[in-house]
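Chain identifiers are assigned alphabetically (A, B, ...) following the order of the sequence lines, protein sequences preceding nucleic acid strands; residue numbering begins at 1 within each chain.
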Protein chains: 2
Amino acid sequence: MHAEPPVRSGRAKRLPRAVRERQIMDAAVDVFSRLGFHAASMDEISEVAGISKPMLYAYLGSKEELFATCIRREANRLMEAIADGVEADQPPDVQLWSGLRAFFGFVAGNRASWQVLHRQALTQGGPFARELVDLRGRAIDLVAALLVHSAEFPNVPRAGDREAESLAAALVGAGESLADWWLDHPDEPAGVVAARLMNLVWMGFGDLVAGNVWHPPSRRTAAP
Amino acid sequence: MHAEPPVRSGRAKRLPRAVRERQIMDAAVDVFSRLGFHAASMDEISEVAGISKPMLYAYLGSKEELFATCIRREANRLMEAIADGVEADQPPDVQLWSGLRAFFGFVAGNRASWQVLHRQALTQGGPFARELVDLRGRAIDLVAALLVHSAEFPNVPRAGDREAESLAAALVGAGESLADWWLDHPDEPAGVVAARLMNLVWMGFGDLVAGNVWHPPSRRTAAP
DNA sequence: AGGTGAACCTACTGACGAGTAGGTAGCTTG
DNA sequence: CAAGCTACCTACTCGTCAGTAGGTTCACCT
């Protein structure tokens with residue numbers, strides 16, 4: 001009935017500030033992702049972090065500042081994961097494929113991060129949505145650059161860049177949404193979800209209903 | 001929306017219960033969409049509705065019940081709009097196109113409804129997300145049925161239904177997401193957004209970068 | 001007319017949560 | 001070993017908001 005290490009009784013162990021800040025941020029992402037910004041209380045975050053409430057305010061400022069800091073940190077981690085995952089010296093479809101795999105891989109390993117980034121940041125207006133818009137902008141730029149290099153868009157000769165950006169926005173949106181849907185269907189493996197989106201956006205329904213499927217260059221057939 | 005005598009002074013005019021309930025629901029959707037579930041207060045909803053707080057409780061029960069009722073009502077309105085919009089006796093691509101147009105048309109005319117449905121319902125856990133899952137399920141069934149009728153999926157002969165459902169889920173997700181993105185870019189007309197998604201999901205990047213574009217049967221060229 | 005009940009109100013309670021004041025323990029350097 | 005800084009705490013204030021108790025007007029029906 002007692003003697004558990006995680007019990008939060010009495011004074012917490014003294015730790016250097018940087019370490020505590022990390023712990024607090026981790027706890028905050030966890031609580032924000034489960035409860036949402038408004039329903040999450042600083043009391044609960046401090047409890048999960050294993051310290052008292054005044055420490056939150058001493059280290060991370062107000063609730064709003066804490067939330068914004070969480071969003072920024074997670075956004076950077078996500079973009080880093082994608083940038084690391086893309087195989088830049090490959091043909092366009094393989095680049096897209098590797099980017100999608102990196103993206104869904106990150107979400108698989110960091111569901112709380114994605115939850116707080118996508119769902120929570122969106123619903124809180126003001127400066128929070130800004131962070132998300134910025135993240136999305138960076139992702140769109142990445143995809144748009146890929147598309148620009150992969151074709152000339154002969155039918156829209158003067159608007160190649162704008163055209164690419166529109167398509168990139170749609171793709172990024174589809175990725176966000178599919179990841180979101182995935183939160184509610186956690187049984188599916190990341191590769192399957194990524195392959196599904198790859199097929200949809202690269203081949204299109206028109207090809208798929210005709211039996212034409214995209215699959216990665218040197219692996220087994222993709223099974224969406 | 002409704003024009004309201006903005007001055008809320010003294011006693012409200014006596015109205016039959018059904019009419020008041022409609023007014024309250026309209027006000028609730030408006031406030032929930034702007035502020036989110038938690039930040040929205042029953043006081044503000046009652047003020048927007050033009051009545052006092054006890055009336056809310058008398059007619060619609062608790063805050064949670066009111067929110068759930070809003071979600072259900074708006075979900076039904078949306079599905080009705082789509083079902084009415086689809087031209088069932090047309091070929092698959094035209095059916096998809098008409099469905100997309102109906103969907104984005106609804107969102108254009110009912111931004112608050114979509115906001116409360118998609119963003120707010122998602123972020124509040126529990127029974128609210130259920131409603132949204134249910135809505136999405138109905139939409140997916142609709143699209144999946146369309147796909148099943150449009151091809152045999154020769155490469156996945158035994159799993160035609162599951163395959164179609166997966167693709168339908170991805171498409172519905174893409175639609176949700178694009179509508180969401182659209183909330184932040186209200187300058188684009190509905191037809192353009194719908195055409196963009198149509199091209200993406202029917203043709204695929206693979207075709208689009210090669211210059212192949214889908215366009216509706218008897219109109220001018222689609223301009224995504 | 002006058003009774004009856006539905007529609008409406010003001011004004012409260014009680015809980016909860018953001019943020020703070022003021023104080024205690026432990027490391028670290030003279 | 002003291003001085004001093006930093007990590008840490010308990011215990012409050014104060015505002016906000018869900019939900020309610022109890023009273024007031026008005027429309028309709030006999």
Side-chain angles (χ1 to χ4, degrees), chain A residues 5-28 30-32 34-70 120 124 126-128, chain B residues 4-5 7-28 30-32 34-70 120 123-128:
Chain A
V7 166
R8 168 112 179 68
S9 58
R11 220 172 179 78
K13 201 182 165 215
R14 261 175 109 86
L15 287 178
R17 173 166 184 153
V19 176
R20 270 284 182 254
E21 277 185 355
R22 262 199 55 125
Q23 286 183 359
I24 293 175
M25 297 280 294
D26 292 345
D30 174 41
V31 174
F32 280 135
R34 288 197 334 259
L35 268 28
F37 175 71
H38 251 94
S41 75
M42 295 297 262
D43 287 282
E44 173 148 8
I45 293 174
S46 72
E47 196 173 343
V48 171
I51 48 131
S52 72
K53 197 160 51 145
M55 297 301 298
L56 291 190
Y57 287 92
Y59 283 171
L60 276 311
S62 70
K63 188 183 184 183
E64 257 118 21
E65 288 175 71
L66 173 59
F67 188 56
T69 308
C70 286
Q120 297 308 325
Q124 316 308 325
F128 306 136
Chain B
E4 202 81 20
V7 185
R8 166 100 184 75
S9 58
R11 217 171 180 81
K13 199 182 169 220
R14 270 172 103 88
L15 287 179
R17 174 166 185 153
V19 175
R20 270 286 181 253
E21 277 186 356
R22 262 198 56 124
Q23 286 183 359
I24 294 175
M25 297 280 293
D26 291 344
D30 174 40
V31 174
F32 280 136
R34 288 197 334 260
L35 267 29
F37 174 71
H38 251 95
S41 75
M42 295 297 262
D43 286 285
E44 172 147 8
I45 293 172
S46 72
E47 196 173 343
V48 172
I51 46 128
S52 72
K53 196 159 52 141
M55 296 302 298
L56 291 190
Y57 288 92
Y59 284 172
L60 276 314
S62 71
K63 187 183 185 183
E64 258 118 20
E65 287 175 71
L66 173 59
F67 188 56
T69 308
C70 286
Q120 296 308 326
T123 47
Q124 316 306 325
F128 306 137

**Prompt:** Can you check the A:Glu47 CD to C:dC16 P distance for me, whole Å?
**Reply:** 14 Å
**Message:** How long is the straight-line distance from CD of A:Glu65 back to CG of A:Leu60, given to the nearest 0.5 Å?
**Reply:** 8.5 Å
**Interatomic distance, A:His38 NE2 vs D:dT16 C1' [rounded to whole Å]** = 10 Å
**Whole-Å gap separating C1' (C:dT20) and CG (A:Leu56)** = 13 Å
**Complete:** To the nearest 0.5 Å, atom CE of B:Met25 lies from atom OH of B:Tyr59 at 14.5 Å
**Prompt:** Once you round to the nearest 0.5 Å, how far does CD1 of B:Ile51 lie from CG of B:Leu15?
**Reply:** 10.5 Å
**Asked** When you measure from the side chain of A:Arg17, which nucleotide among C:dC9, D:dC9, D:dA7 comes out closest?
**Response** D:dA7
**Request:** Take B:Gln23 and B:Met55 through the side chain to side chain contact (heavy atoms under 4.5 Å, CB included) test and state the conclusion after the steps.
**Result:** CA-CA 12 Å; B:Gln23 286 183 359; B:Met55 296 302 298; over 6 Å; no
What nitrogen or oxygen pairs link the protein and nucleotides 23-25 of chain C at under 3.5 Å?
unit_1, atom_1, unit_2, atom_2, d
C:dT24, O2, A:Arg11, NH2, 2.7

**Request:** Could you say whether A:Leu15 or B:Gly61 is positioned toward the 5' end of DNA chain D, judged by the nucleotide with the nearest heavy atom to each?
**Result:** A:Leu15
Nucleotide N/O to protein N/O under 3.5 Å, stretch nucleotides 1-3 of chain D:
none

**Complete:** By nearest-nucleotide position on DNA chain D, the 5'-leaning member of B:Tyr57 and A:Lys53 is A:Lys53
**Request:** Please determine, for the side chain of B:Asp43, which listed nucleotide (D:dA18, C:dA7, D:dA21) has the closest atom?
**Result:** D:dA18
**Message:** What is the distance, to the nearest angstrom, from the CZ atom on B:Phe37 to the P atom on D:dC17?
**Reply:** 13 Å
**Prompt:** Touch check for B:Met42, heavy atoms < 4.0 angstrom, all strands: base, sugar-phosphate only, or nothing?
**Reply:** sugar-phosphate
**Out of C:dC9, D:dG19, D:dC9, whichever nucleotide has its closest atom nearest the side chain of A:Pro54** = D:dC9
**Message:** Can you see if the side chain of A:Arg20 gets near the phosphate of D:dT6 - specifically, an N or O under 4.0 Å from OP1 or OP2?
**Reply:** no
**Message:** What verdict does the side chain to side chain contact (heavy atoms under 4.5 Å, CB included) test give for B:Val48 and B:Asp26, after you've listed the backbone C-alpha separation in whole Å, the side-chain angles of each residue and the deciding distance to 0.1 Å?
**Reply:** CA-CA 9 Å; B:Val48 172; B:Asp26 291 344; over 6 Å; no
**Request:** Grab the NZ-C1' distance between B:Lys13 and C:dC9 for me, whole Å please.
**Result:** 18 Å
**Fill in**
The nucleotide from C:dC9, D:dA7, D:dG19 with an atom nearest the side chain of B:Ile51 is C:dC9
**Asked** How is A:Ala39 classified with respect to the nucleic acid when contacts are heavy atoms under 4.0 Å: base, sugar-phosphate, or nothing?
**Response** nothing
**Asked** Rounded to the nearest Å, what distance is computed from the CE atom of residue A:Met55 to the P atom of nucleotide D:dT10?
**Response** 12 Å
**Message:** Tell me whether the count of non-hydrogen atoms from other residues, nucleotides or ligands lying under 6.0 Å of CZ in B:Arg17 goes above 12.
**Reply:** yes
**A:Phe37 six-ring centre to A:Lys63 NZ/CZ under 6.0 Å and within 45° of normal** = yes
**Item:** Donor-acceptor pair present, B:Lys63 side chain and D:dG19 base, under 3.5 Å
**Value:** no
**Asked** So, for B:Val31 and B:Ala40, which heavy atoms are closest and what is the spacing to 0.1 Å?
**Response** CG1-CB, 3.7 Å
**Item:** Rounded distance (Å) that lies between atom C1' of C:dA7 and atom CD of B:Gln23
**Value:** 13 Å
**Request:** Please name the pair of heavy atoms, one in B:Ser62 and one in B:Met42, separated by the smallest distance, quoted to 0.1 Å.
**Result:** C-CE, 4.2 Å
**Asked** Taking side chain as C-beta onward, heavy atoms only, is B:Gln120 less than 4.5 Å from B:Phe128?
**Response** no
**Asked** Roughly how many Å is it from OH in B:Tyr59 to P in D:dG19, rounded to a whole number?
**Response** 19 Å
